2 protein chains.
Amino acid sequence: MPGTTERPLRRDAQANRERLVAAALDAFAEGGVDVPMDEVARRAGVGVGTIYRNFPAKDDLVDAVLEDAIDRLVAILERALALDDAWEGFRLYLEHALDLHARNRGLKELFAARGTGRARKRMGPLAVRLISRAQEQGALRPDFKAEDLRLVFRSAGAVIEYDPSSRRRFVALLLDGLKAGR
Amino acid sequence: MPGTTERPLRRDAQANRERLVAAALDAFAEGGVDVPMDEVARRAGVGVGTIYRNFPAKDDLVDAVLEDAIDRLVAILERALALDDAWEGFRLYLEHALDLHARNRGLKELFAARGTGRARKRMGPLAVRLISRAQEQGALRPDFKAEDLRLVFRSAGAVIEYDPSSRRRFVALLLDGLKAGR
DNA sequence: AGATAAGCGGAACGATAGTTCCGCTTATGG
DNA sequence: CCATAAGCGGAACTATCGTTCCGCTTATCT
């Protein structure tokens with residue numbers, strides 16, 4: 001069991017796999033996760049068959065791309081936690097994470113449909129810390145739950161999809177309503 | 001031109017048409033506008049051909065159902081405008097309209113994708129009145145625009161779709177942020 | 001009741017997806 | 001440089017839709 005012998009990929013195969021994930025990231029960002037596999041293959045300069053040798057099904061490719069997005073979100077979370085002012089950290093996280101969503105149409109769908117498993121595991125603890133810290137400092141409403149973060153992203157994501165230019169205004173509105181003490 | 005002779009429908013055809021719209025309303029409410037035509041036909045107890053004799057394309061059926069939904073929303077708007085307290089009217093409209101959305105999955109998609117033409121024409125003026133009235137009474141933020149109503153519905157719709165039980169809480173949050181004077 | 005045309009059901013069609021398969025290409029190790 | 005197997009491309013298969021078509025049914029009128 002500890003030695004699942006994993007022969008290394010041929011050099012060209014390795015390169016293809018990388019170009020594939022990059023192409024999928026771009027394609028999903030532009031057109032959402034519903035872009036056809038043929039389109040992803042075309043962008044990567046490979047045939048569809050190559051996709052399926054690396055990823056058994058489309059969902060697996062989507063997962064791989066999601067994993068990449070999670071990396072970036074975790075980085076933002078860590079940056080937010082490094083700030084002394086917890087409210088400022090909370091605000092910074094929302095602002096930057098939603099900026100990512102605004103630039104990546106697929107990301108919203110990814111987190112809306114999936115995003116429960118891997119994402120929660122890696123981001124959940126950090127987010128909980130961000131929230132409770134802001135509440136301890138008396139800046140964030142005490143009745144705000146960690147799960148509510150998903151509602152915030154859902155609602156903001158929908159707004160962004162409809163009219164990206166109103167993102168800042170909407171986020172400001174939400175934050176205003178989330179501040180502690182009326 | 002003024003006399004486009006319109007022979008009346010055969011009695012059974014008339015009944016079928018009505019059952020069809022009702023079935024479509026149900027089907028869209030449950031499964032969204034993406035339910036197959038076969039499913040709508042099955043629910044109505046007719047063949048797909050019958051749908052296409054009444055509605056040239058699926059979009060036309062969707063429009064017919066949307067028209068019905070608009071009727072209800074207009075009724076709610078009128079009820080809201082009848083109240084003396086403009087803020088209370090605004091609140092009542094949001095509450096009831098979103099309750100409709102919560103019960104009808106298709107409605108959200110309908111308004112998200114379409115809803116621009118017919119809906120705006122019939123509901124727009126009433127909504128504008130509702131808003132400016134609330135602003136004149138000093139209850140609603142002066143910078144709230146009529147178009148922002150769409151953002152409110154978008155965001156709340158997304159929340160409802162994810163977790164219907166958090167609707168009231170989210171609407172309260174939004175309303176809190178929309179109240180005039182901090 | 002019988003003639004007639006409006007109306008009907010549902011098989012079949014065309015488009016678009018995701019996925020599979022197999023003959024050819026090419027990186028790799030000796 | 002050759003043998004070999006890993007890897008590749010993309011045609012073809014399957015499933016799901018919206019939509020069309022046509023032979024049969026039935027409401028309507030005399």
Side-chain angles (χ1 to χ4, degrees), chain A residues 4-66 105-106 109-110 112-114, chain B residues 4-66 105-106 109-110 112-114:
Chain A
T4 321
T5 323
E6 192 86 8
R7 194 182 288 260
L9 281 178
R10 232 165 69 173
R11 215 186 309 276
D12 57 342
Q14 176 66 27
N16 272 341
R17 193 191 158 94
E18 277 157 21
R19 267 191 303 157
L20 208 44
V21 174
L25 186 67
D26 282 359
F28 292 162
E30 261 182 52
V33 289
D34 278 345
V35 293
M37 293 296 258
D38 286 21
E39 163 82 11
V40 175
R42 201 182 49 71
R43 283 183 188 240
V46 303
V48 271
T50 301
I51 300 186
Y52 283 90
R53 201 160 318 92
N54 284 284
F55 307 95
K58 184 173 187 176
D59 272 1
D60 298 300
L61 175 60
V62 170
D63 277 351
V65 171
L66 180 59
R105 182 168 156 202
E109 301 169 24
L110 254 48
R114 240 158 301 245
Chain B
T4 321
T5 323
E6 192 85 9
R7 195 182 289 259
L9 281 178
R10 230 165 71 174
R11 215 185 309 273
D12 59 341
Q14 175 65 29
N16 272 339
R17 192 191 159 94
E18 277 157 19
R19 265 191 303 157
L20 208 43
V21 174
L25 185 67
D26 282 359
F28 292 161
E30 261 181 53
V33 289
D34 279 345
V35 292
M37 292 297 257
D38 286 18
E39 163 82 11
V40 175
R42 201 181 50 69
R43 282 181 187 242
V46 303
V48 271
T50 300
I51 301 186
Y52 283 90
R53 202 161 316 95
N54 284 283
F55 306 95
K58 184 173 186 176
D59 273 1
D60 298 300
L61 175 60
V62 170
D63 277 352
V65 172
L66 179 60
R105 183 168 156 203
E109 301 169 25
L110 253 48
R114 240 160 298 247

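From a predicted model like this one, the values you see are computed outputs, not experimental measurements. We name chains A, B, ... by the order of the sequence lines, and we start the count at 1 in each one. The figures here come from the full heavy-atom set of this structure, side chains too, leaving out hydrogens, waters and symmetry mates.
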Between [N] and [X], is there an OP1 or OP2 to side-chain N/O distance shorter than 4.0 Å?
X     : N      : answer
B/Y52 : D/dT20 : no
B/R53 : C/dA6  : no
A/N16 : D/dC8  : yes

* Toward the 5' end of DNA chain C, by each residue's nearest nucleotide, B/D12 or B/D38 ->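 The residue whose closest nucleotide sits nearer the 5' end is B/D12.
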Output the rounded distance in Å from [atom1] ([X]) to [atom2] ([N]).
X     : N      : atom1 : atom2 : answer
A/I51 : C/dC21 : CD1   : P     : 17 Å
B/E39 : C/dG10 : CD    : P     : 15 Å
A/R42 : D/dG10 : CZ    : P     : 13 Å
B/D34 : C/dT16 : CG    : C1'   : 14 Å
A/L9  : C/dT26 : CG    : C1'   : 15 Å
B/F55 : D/dT19 : CZ    : P     : 13 Å

* To do: Any chance you could measure B/L110, atom CG, to B/L66, atom CG, to the nearest 0.5 Å?
  => 4.5 Å
* Asked: Do you know which two heavy atoms are closest between A/F28 and A/V33, and how far apart they sit?
  ->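 Of all heavy-atom pairs spanning A/F28 and A/V33, the closest is CD2-CA, 3.8 Å.
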Between [options], spot the one nearest the side chain of [X], thanks.
X     : options                : answer
A/V48 : D/dT19, D/dG10, C/dG18 : D/dG10
A/M37 : D/dG10, D/dT20, C/dG18 : C/dG18
A/K58 : C/dT19, C/dG7, C/dG9   : C/dT19
A/P36 : C/dG9, C/dA17, C/dG7   : C/dA17
A/T50 : D/dG7, C/dG7, D/dC8    : D/dC8

* Is A/D26 reaching over with its side chain to a backbone N or O of A/A23, donor-acceptor style, under 3.5 angstrom? -> no
* Taking the side chain from A/E109 and the backbone from A/G32, do they hold a donor-acceptor pair closer than 3.5 Å? ->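 Checking the backbone N and O of A/G32 against the side chain of A/E109, no donor-acceptor pair under 3.5 Å is found.
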* To do: Determine, stepwise, if the pair A/R19 / A/N16 fulfils side chain to side chain contact (heavy atoms under 4.5 Å, CB included).
  => CA-CA 5 Å; A/R19 267 191 303 157; A/N16 272 341; 2.7 Å; yes
* With a 4.0 Å cut-off on heavy atoms, is B/A41 in touch with a base, just the backbone sugar-phosphate, or nothing at all? ->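 Counting heavy atoms under 4.0 Å across all strands, no contact is made by B/A41.
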* Distance-only donor-acceptor test, A/R10 side-chain atoms vs D/dA6 base atoms, 3.5 Å -> yes
* To do: Tell me which of B/G49 and A/V46 sits closer to the 5' end of DNA chain D, going by the nucleotide each one is nearest to.
  =>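 Comparing both residues, the 5'-ward one is A/V46.
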